[in-house]
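Report on the following structure.
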Amino acid sequence: MTENNSEQRLDFIRQMVVEDNKSGKWKGRVATRFPPEPNGYLHIGHAKSICLNFGIASEFGGTCNLRFDDTNPEKEEQEYVDSITDNVKWLGWDWQDRLYFASDYFQQMYDFAVHIIESGKAYVCDQTADQVREYRGTLTQPGKNSPFRNRSIEENIDLFERMRKGEFADGTKTLRAKIDMAHPNLNLRDPIMYRILRATHHRTGDTWCIYPTYDWAHGLEDSIEGITHSICTLEFENHRPLYDWFIDQLPIHHPQQIEFARLNLTYTVMSKRKLLQLVEQNLVKGWDDPRMPTISGMRRRGYSPESIRNFCTLIGINKFNSTIDIALLEHCLREDLNKTSSRVMAVINPLKVVIDNYPDDQTEMLDAVNNPEDPSAGIRKVPFSKVLYIEQDDFMENPPKKFFRLSPGREVRLRYAYFITCTNVVKDSAGKITELHCTYDPATRGGDAPDGRKVKSTIHWLSAKDAIKAEVRLYDHLFTSANPDDVPEGKKFTDFLNPDSLKTLDNCFIEPSIANAKPLNRFQFERLGYFSVDIDSRPGKLVFNRTTTLKDSWAKIQQKPTADLI
RNA sequence: UGGGGUAUAGUGUAAUGGUAGCACAACUGACUCUGGAUCAGUUUGUCUAGGUUCGAAUCCUAGUACCCCAGCCA
């Protein structure tokens with residue numbers, strides 16, 4: 001079903017690669033790169049790009065470099081470099097020895113700039129930022145030439161060298177390409193190649209006080225590394241003529257830039273600026289908050305790398321903006337976790353149940369299947385005794401028609417254990433149910449009735465004296481709006497944060513078999529969902545994150561008009 | 001208003017002049033010791049209007065809508 005035999009449908013970029021290989025454009029070589037700026041954590045949108053670039057390289061026998069595009073020391077930090085390398089590795093990709101930094105090319109870039117000045121195609125400009133903006137013109141009006149545009153090559157060389165030496169104050173001079181101030185594409189109106197910036201770079205320290213701009217630097221980075229297919233997002237389409245122009249001025253390898261649409265997901269935001277804001281204003285608990293669409297957040301939440309990679313191949317590649325339903329991501333998640341997660345029983349909203357006809361001090365060890373999807377996962381023993389916990393949601397005193405679980409007088413199965421029948425409901429003075437009394441049928445040990453009688457439902461349970469206390473964190477969408485990027489006039493995206501995106505339950509219980517679970521271990525809590533151990537977890541003080549729920553058809557029935565229930 | 005892009009079910013994505021297919025979502029039903037999983041099935045689509053053609057999502061013409069660009073960010 002998932003495979004399509006030899007009839008592989010290729011996205012437009014892969015088709016391009018196939019054609020290039022056919023025509024011999026790059027002599028069969030395929031070299032891509034993933035070029036993040038270390039100014040934030042990677043998110044699921046980056047995963048799309050990572051899987052595209054590394055995926056193409058591996059499918060076509062090529063290489064993919066991990067390259068940090070670190071040309072702006074004001075925003076970049078080593079912490080981000082570390083998180084990015086971790087994330088790419090965790091996703092399962094390998095750049096081998098090809099870890100590069102744009103900052104390692106600063107001298108080469110400088111030399112290339114001198115070459116361009118020598119050919120009369122670049123000049124040092126003394127205009128202020130405001131003047132540059134003013135002279136650039138507008139979308140509909142051409143710009144005006146800078147008064148410094150016609151300096152001699154010698155003067156430009158001299159000034160540029162002195163810029164580098166630190167003779168001029170920040171922002172007082174720039175190096176600009178001499179292209180066309182009337183060009184309809186604003187990017188070609190004498191774009192800035194270097195600015196003076198005294199900021200300590202996380203790798204080069206204070207070696208440089210001039211830094212190359214993206215447009216000037218990026219094509220050079222690609223060229224130096226011998227990239228063939230330089231894949232970037234749609235907003236750089238307008239920059240391609242400039243990418244090409246710079247490289248055409250130099251006697252160097254000329255990669256091809258190809259643009260594709262970035263990923264958008266419902267109920268979340270994907271811009272680094274907005275994610276940074278959530279972190280800095282403490283609207284979430286950090287870049288790796290399990291509600292964040294960051295790779296670190298998703299990992300902490302319990303996502304598997306396989307599920308993310310599968311999602312990235314399913315969504316495809318295109319050239320127009322689209323928003324993927326987060327349900328597809330969750331589908332990929334469940335599909336993978338269903339196959340791989342050990343099942344275990346946990347009760348997150350406990351209700352005490354006493355089995356009146358069960359011996360007071362007896363404990364039995366019952367067999368439970370670890371993973372019905374994977375027989376090799378084997379079985380484990382689960383303790384059963386007189387006093388149990390079940391889920392509050394699994395009992396209703398006055399059940400509607402379609403409620404199949406426990407209620408007064410009704411018999412249900414305790415998973416892997418016994419059939420029980422509710423005989424009495426105990427309430428406190430406020431009328432709240434505090435305890436249930438039941439009887440069990442000893443003949444149904446293991447969960448099967450020798451007389452063949454059926455029950456309408458099977459519920460999970462825990463032996464109260466053996467259960468281990470745990471904290472459980474339930475997550476929901478971070479935003480209440482499907483598209484928080486598109487909010488009504490006068491509203492901010494933060495106005496749509498979901499106040500219920502995190503619910504912490506601290507009176508939960510798990511079965512003793514996972515008492516020693518380690519952070520990031522994944523489980524399925526039967527009938528509740530997939531959970532993983534949070535990094536806040538400590539021995540004796542376990543903390544679980546709900547990665548996602550199981551599909552819940554009862555929840556759906558409940559949402560319908562009550563008429564359906566009665 | 002200048003330039004650059006893009007339009008296929010609710011969402012996403014194929015079909016490259018020859019039966020509009022797939023996935024998710026939604027809805028039925030079967031099965032089930034997880035109201036899980038699995039299986040079977042149903043609903044919904046080519047931006048609009050013309051034209052070329054035996055035949056158009058695909059080619060042509062004219063519209064419409066949406067996205068990107070006026071950082072010394074990337």
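Note that the coordinates shown come from a computational prediction; the quantities given were computed from them, not determined experimentally. Every chain is numbered from 1, with letters handed out A, B, ... down the list of sequences.
Using a 4.0 Å heavy-atom cutoff across all strands shown, A:Asp448 reaches at least one base atom of the nucleic acid. Counting any heavy atom pair closer than 4.0 Å across all strands shown, A:Glu526 reaches a base atom. Within the 4.0 angstrom heavy-atom criterion, no nucleotide atom of any strand lies near A:Tyr211. The residue A:Gln127 sits close to a base: some heavy atom pair falls under 4.0 Å. No engagement by A:Pro38 is indicated, since no non-hydrogen atom pair under 4.0 Å with the nucleic acid exists. Residue A:Ile315 is classed as a sugar-phosphate contact, given heavy-atom separations below 4.0 Å to backbone atoms only. Nucleic acid contact class of A:Leu197 (heavy atoms, under 4.0 Å, all strands): none. As judged by a 4.0 angstrom heavy-atom cut-off over every strand, A:Arg334 is placed among residues making no nucleic acid contact. Here A:Thr138 lies in heavy-atom contact (under 4.0 Å) with a base. When heavy atoms are screened at a 4.0 angstrom cut-off, A:Leu328 is found touching the sugar-phosphate backbone but no base atom. Here A:Glu373 lies in heavy-atom contact (under 4.0 Å) with a base. Within 4.0 Å (heavy atoms only), A:His239 reaches at least one base atom of the nucleic acid. Counting non-hydrogen atoms under 4.0 angstrom, A:Tyr194 reaches nothing in the nucleic acid.
With B:rG2, B:rA15, B:rA70 as the choices, the nucleotide that has an atom nearest any side-chain atom of A:Gln15 turns out to be B:rA15. The side chain of A:Phe403 lies closest to B:rG35 when the candidates are B:rG3, B:rG12, B:rG35. Listed nucleotides B:rU34, B:rA37, B:rG12 differ in distance to A:Thr323; the shortest reach to its side chain belongs to B:rG12. Picking from B:rG3, B:rA25, B:rG36 the nucleotide with the shortest atom distance to the side chain of A:Ala327 gives B:rA25. The side chain of A:Arg133 has B:rA70 as its nearest neighbour among B:rC73, B:rG36, B:rA70. Listed candidates were B:rG35, B:rC69, B:rC73. Nearest to the side chain of A:Leu186 is B:rC69. The side chain of A:Trp554 lies closest to B:rG35, out of B:rG35, B:rC72, B:rA14. The A:Leu139 side chain lies nearest to B:rC69 when the options are B:rC69, B:rU11, B:rC73.
For A:Ser553, a side-chain nitrogen or oxygen approaches OP1 or OP2 of B:rG36 to under 4.0 Å. Between A:Lys551 and B:rU34, a side-chain N or O to OP1/OP2 separation shorter than 4.0 Å is absent. Remark: A:Arg189 is not in phosphate contact with B:rA70, judged by side-chain N or O atoms under 4.0 Å from OP1 or OP2. Side-chain N/O atoms of A:Arg343 include none lying less than 4.0 angstrom from OP1 or OP2 on B:rA37. Contact check, A:Lys272 against B:rC73: no side-chain N or O comes under 4.0 Å of OP1 or OP2. OP1 or OP2 of B:rA74 sits under 4.0 Å from a side-chain N or O of A:Thr71. The side chain of A:Arg240 contributes no N or O atom lying less than 4.0 Å from OP1 or OP2 of B:rC69. When the side-chain nitrogen and oxygen atoms of A:Arg136 are compared with OP1 and OP2 of B:rG2, none of them lie within a distance under 4.0 Å. Using a 4.0 Å cut-off, some side-chain N or O of A:Arg527 falls inside it from OP1 or OP2 of B:rG35. Taking 4.0 angstrom as the limit, A:His460 places none of its side-chain polar atoms (N or O) nearer than this to OP1 or OP2 of B:rU34.
In a base pair of the Watson-Crick type (N1 to N3 plus N6-O4 or O6-N4) or a G-U wobble (N1-O2 and O6-N3), with each distance short of 3.5 Å, B:rG55 is matched with no nucleotide. With both pairing distances under 3.5 Å, B:rC72 is matched to nothing as a Watson-Crick or G-U wobble pair. A 3.5 Å limit on both hydrogen-bonding distances identifies B:rA40 as the Watson-Crick or G-U partner of B:rU28. As the counterpart of B:rU8, no nucleotide is assigned, since no Watson-Crick or G-U wobble pattern has both distances under 3.5 Å. Of the nucleotides present, B:rG63 is the one that pairs with B:rC47 by Watson-Crick or G-U wobble criteria, both distances under 3.5 Å. With a cut-off of 3.5 Å on both pairing distances, B:rA20 has no Watson-Crick or G-U wobble partner at all.
Side-chain to base pairing of A:Glu235 with B:rG5: no donor and acceptor N or O lie closer than 3.5 Å to each other. The base of B:rC68 lies close enough to the side chain of A:Asn238 for a donor and an acceptor atom to sit less than 3.5 Å apart.
On the C1' atoms, B:rG29 is 15 Å away from B:rU43, given to the nearest whole Å. B:rU19 and B:rU58 have their C1' atoms separated by 16 Å, given to the nearest Å. Rounded to whole Å, the C1' atom of B:rA15 lies 15 Å from the corresponding atom of B:rA9.
Residues A:Leu66 and A:Pro36 are in side-chain contact: their nearest non-hydrogen atoms beyond the backbone lie under 4.5 Å apart. At least one side-chain heavy atom of A:Leu197 sits less than 4.5 Å from a side-chain heavy atom of A:Asn72. Taking 4.5 Å as the limit, every side-chain heavy atom of A:Glu74 sits out of range of all side-chain heavy atoms of A:Asn39.
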*Does the pair A:Ile210 and A:Phe160 meet the rule for a side chain to side chain contact (heavy atoms under 4.5 Å, CB included), with working shown?*
CA-CA 10 Å; A:Ile210 59 172; A:Phe160 186 49; 3.9 Å; yes
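Atoms CG and OG1, on A:Asn371 and A:Thr340 in that order, are 7.5 Å from each other to the nearest 0.5 Å.
At a threshold of 4.0 Å, the pair A:Glu511-A:Arg380 counts as salt-bridged, since one of the basic side-chain nitrogens sits closer than that to a carboxylate oxygen. Salt bridge annotation for A:Glu237-A:Lys319: present, with a cationic side-chain nitrogen under 4.0 angstrom from a carboxylate oxygen.
In this structure, B:rG71 shows a glycosidic angle within 90 degrees of zero, which is the syn conformation.
One can place CG of A:Asp486 at 11 Å from P of B:rC68, the figure rounded to the nearest angstrom. Between the CG atom of A:Leu329 and the C1' atom of B:rA23 there is a distance of 14 Å, rounded to whole Å. Atom NZ of A:Lys456 is separated from atom P of B:rU34 by 16 Å (rounded to the nearest Å). Rounding to whole angstrom units, CZ of residue A:Arg33 and P of B:rA74 are separated by 15 Å. Protein atom CG of A:Asn321 is 10 Å distant from nucleotide atom C1' of B:rG5, rounded to whole Å.
Put simply, A:Phe320 does not rest on the base of B:rA7: the two rings are not both less than 5.5 Å apart at their centres and under 30° in tilt.
No donor-acceptor pair closer than 3.5 Å links the side chain of A:Thr268 to the backbone N or O of A:Pro293.
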Sequence neighbours excluded and cut-off under 3.5 Å, please list the side-chain donor-acceptor pairs for residues 308-317 of chain A, or say none.
{"unit_1": "A:Arg309", "atom_1": "NE", "unit_2": "A:Leu91", "atom_2": "O", "d": "3.4"}
{"unit_1": "A:Thr313", "atom_1": "OG1", "unit_2": "A:Asn310", "atom_2": "O", "d": "3.0"}

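In this structure, A:Arg203 is positioned above the aromatic face of A:Phe101, its NZ or CZ under 6.0 Å from the six-membered ring centre and within 45° of the axis.
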